[in-house]
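Reviewing the structure listed below.
Only a predicted model underlies this, so the values are computations on that prediction, with no experimental measurement involved.
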Amino acid sequence: MSSPYYIFGLHSVQAILEHHPERVIELAVLQGRDDHRIDQILSLAARMGLSVQRMKRKVLDERVNDTHHQGVIAKVKTAPMFTERDLPELLKVHHQAPLLLVLDGVTDPHNLGACLRNADAAGAVAVIVPKDKSASLSAVVRKVAVGAAETVPFVSVTNLTRCLKELQELGIWVVGTAGEAEQLIYDCKLTGPLALVMGAEGKGMRRLTKETCDELVKLPMSGSVSSLNVSVAAGISLFEAVRQRRG
């Protein structure tokens with residue numbers, strides 16, 4: 001089992017206190033900080049019987065090796081890891097028209113965190129990544145995700161192509177985004193059980209991933225840039241699916 005680790009930032013710490021308080025081992029806040037946001041966290045901690053340590057800024061900085069902790073850090077137990085074996089059970093909860101986000105080769109932790117945030121806002125069932133050539137759920141990812149890393153299942157799979165084929169067998173339509181696609185995403189039906197696949201910025205999806213998709217779509221690009229940041233493209237794509245599902 002992996003060792004406990006620290007998460008930091010107001011949103012991330014509040015999210016884990018609200019959703020998984022049993023995982024919190026220690027909680028520390030900045031000495032002398034007293035405001036509404038900290039009060040919310042202190043109130044949650046008191047309700048759950050958690051003691052809170054008051055620490056100087058230098059101690060907090062050193063503990064998480066980061067100065068952007070917003071005055072609150074939590075030491076937590078490792079979350080259960082999701083793999084491809086867990087997908088059928090995750091999909092059962094959203095049996096009508098589940099929405100999944102698949103990231104192929106997204107290695108930047110800030111992009112991964114932003115994608116998790118988008119997935120949470122769009123109501124995605126899970127975010128799926130390959131074990132290799134992908135950012136992991138680091139403290140930076142959790143902070144950028146502003147709590148979404150504690151609410152959206154993060155599924156790390158051994159073989160992404162095989163995972164996509166298994167999703168297809170479960171009735172999931174797999175739509176990949178690629179700049180060379182002929183069809184715009186706005187002309188693609190996104191209302192049924194769906195997995196949206198995004199490739200890394202610049203490189204795009206790997207060949208086998210692309211060949212496994214049921215359909216390829218693109219975003220209209222009218223300016224001089226050839227591609228969007230992957231988290232921006234993921235947000236646009238996810239919310240086009242949300243728009244269509246709202247009828």
Side-chain angles (χ1 to χ4, degrees), residues 1-30 33 37-38 40-45 48 50 52-53 55 57 59-83 86 90 100-157 198 200-201 229-232 234-235 238:
M1 182 177 289
S2 301
S3 302
Y5 56 90
Y6 288 102
I7 63 171
F8 53 87
L10 292 163
H11 291 286
S12 298
V13 173
Q14 183 168 337
I16 199 163
L17 286 171
E18 289 176 340
H19 298 283
H20 301 289
E22 74 284 353
R23 287 177 46 208
V24 180
I25 301 169
E26 297 175 1
L27 184 63
V29 300
L30 180 63
R33 175 165 181 178
R37 294 302 307 281
I38 287 291
Q40 285 183 310
I41 288 173
L42 294 177
S43 177
L44 283 169
M48 293 151 191
L50 290 169
V52 180
Q53 302 177 59
M55 294 183 176
R57 179 173 294 278
V59 178
L60 292 178
D61 293 351
E62 291 173 349
R63 185 155 291 191
V64 296
N65 196 28
D66 196 298
T67 59
H68 302 292
H69 46 67
Q70 298 178 305
V72 58
I73 66 173
K75 186 176 183 180
V76 300
K77 298 175 185 175
T78 305
M81 294 299 294
F82 292 102
T83 68
D86 300 302
L90 289 171
L100 299 144
L101 177 62
V102 182
L103 303 174
D104 185 18
V106 175
T107 57
D108 182 83
H110 291 86
N111 278 335
L112 177 56
C115 285
L116 279 163
R117 187 175 183 178
N118 289 334
D120 177 74
V125 174
V127 171
I128 301 172
V129 303
K131 282 184 179 177
D132 298 323
K133 296 182 180 179
S134 171
S136 59
L137 276 183
S138 65
V140 173
V141 171
R142 293 175 186 278
K143 184 173 185 295
V144 175
V146 290
E150 313 308 329
T151 57
V152 179
F154 184 77
V155 183
S156 181
V157 302
M198 316 294 301
E201 186 178 352
N229 175 280
V230 64
S231 64
V232 174
L238 285 166

Kindly compute the distance separating CD1 (I25) from CG (L50), expressed to the nearest 0.5 Å. 11.0 Å
Can you find a pair of side-chain heavy atoms, one from H69 and one from R63, that are under 4.5 Å apart? no
Find the distance between OG1 (T151) and CZ (R117) and round it off to the nearest 0.5 Å. 11.5 Å
How many angstroms lie between CG in L60 and CG in N65, if you round to the nearest 0.5 Å? 13.0 Å
Rounded to the nearest 0.5 Å, what separation is found between the OG atom of S134 and the CD1 atom of I128? 11.5 Å
Identify the two heavy atoms, one from E26 and one from Y6, that lie closest to each other, and give their separation to 0.1 Å. OE1-OH, 4.2 Å
Taking all non-hydrogen atoms of both residues into account, name the closest pair between L27 and A45 and its distance. CD2-CB, 3.6 Å
For a 4.5 angstrom cut-off between non-hydrogen side-chain atoms, does R37 reach Q14? yes
Out of curiosity, R57 CZ to R33 CZ, how far, rounded to the nearest 0.5 Å? 8.5 Å
Scanning both residues in full, the closest heavy-atom pair of V106 with L112 reads CG1-N, 4.2 Å
R142 and A149: which non-hydrogen atoms are nearest, and at how many Å? CG-CB, 3.9 Å
Using modelled atom types and a 3.5 Å cut-off, is there a donor and acceptor pairing between side-chain atoms of D86 and backbone atoms of V155? no
Nearest heavy-atom approach of A234 to M198 is N-CE, 3.5 Å
L103 and P130 have their tightest heavy-atom pair at O-CD, 3.1 Å
